[in-house]
Amino acid sequence: SKAETKAMNDIIWTLVLNYAKATGIWFNEGTECELNLKEVCTYIGDKLNVWSGTIVNWCKGMKYSGYKIDVCDNFGLNSLYIKINK
């Protein structure tokens, strides 16, 4: 359902932000962050007890739900970019 999808998006977004605050590389006056895709998805997968590949796929879909998240995994890239409003 839409409510369940939004709830899961919010949970994953919060975990991404927590991970970014602890380990991310912030730029553009602290509004954007680059993360290692495999590391952040493994971290979230461990917290939610799911396979990290599921989290990668979920993050890809979050972009279309209004979250400023970009998964870059084509051609061997391993990055996750997020943007926050300050």
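This is a predicted model, so every value here is computed, not measured. Index from 1, following the sequence.
At least one side-chain heavy atom of Trp58 sits less than 4.5 Å from a side-chain heavy atom of Met8. Between Asp73 and Lys60 the shortest side-chain heavy-atom distance falls below 4.5 Å. Contact of the Ile12 side chain with the Tyr67 side chain is not registered, since no non-hydrogen atoms from C-beta on lie closer than 4.5 Å. Taking the side chain as every heavy atom from C-beta outward, Asp70 and Lys63 approach each other to under 4.5 Å. For the pair Ile84/Trp26, a side-chain contact is recorded, criterion being any heavy-atom separation below 4.5 Å from C-beta on. Side-chain contact between Leu35 and Tyr19 is present, with at least one heavy-atom pair separated by less than 4.5 Å.
Note that CD of Glu39 and OG1 of Thr23 are 7.0 Å apart. Values are rounded to the nearest 0.5 Å. Met62 contributes atom CE, which lies 9.5 Å from atom CD1 of Ile55 (distance to the nearest 0.5 angstrom). Between atom CH2 of residue Trp13 and atom SG of residue Cys59 there is a gap of 9.5 Å, rounded to the nearest 0.5 Å. Taking NZ of Lys38 as the start and OG of Ser79 as the end, the distance is 14.0 Å to the nearest 0.5 Å.
Leu17 and Leu15 fall within the same hydrophobic cluster, where Ile, Leu, Val, Met, Phe, Trp and Tyr residues are linked whenever their side-chain heavy atoms come under 4.5 Å apart, directly or through other members. Put simply, Leu80 and Trp51 are part of two different groups of oily side chains (I, L, V, M, F, W, Y) that touch within less than 4.5 Å, one to the next. In this structure, Leu37 is not a member of the same hydrophobic cluster as Ile25, with clusters built from ILVMFWY side-chain heavy atoms closer than 4.5 Å.
Other members of the cluster containing Phe27 are Tyr81, with ILVMFWY side chains joined at under 4.5 Å, either directly or via other members.
Nearest heavy atoms, Cys33 versus Ala20: SG-CB, 3.8 Å.
In this model, a donor atom of one side chain and an acceptor atom of the other lie less than 3.5 Å apart for Asn78 and Asn36.
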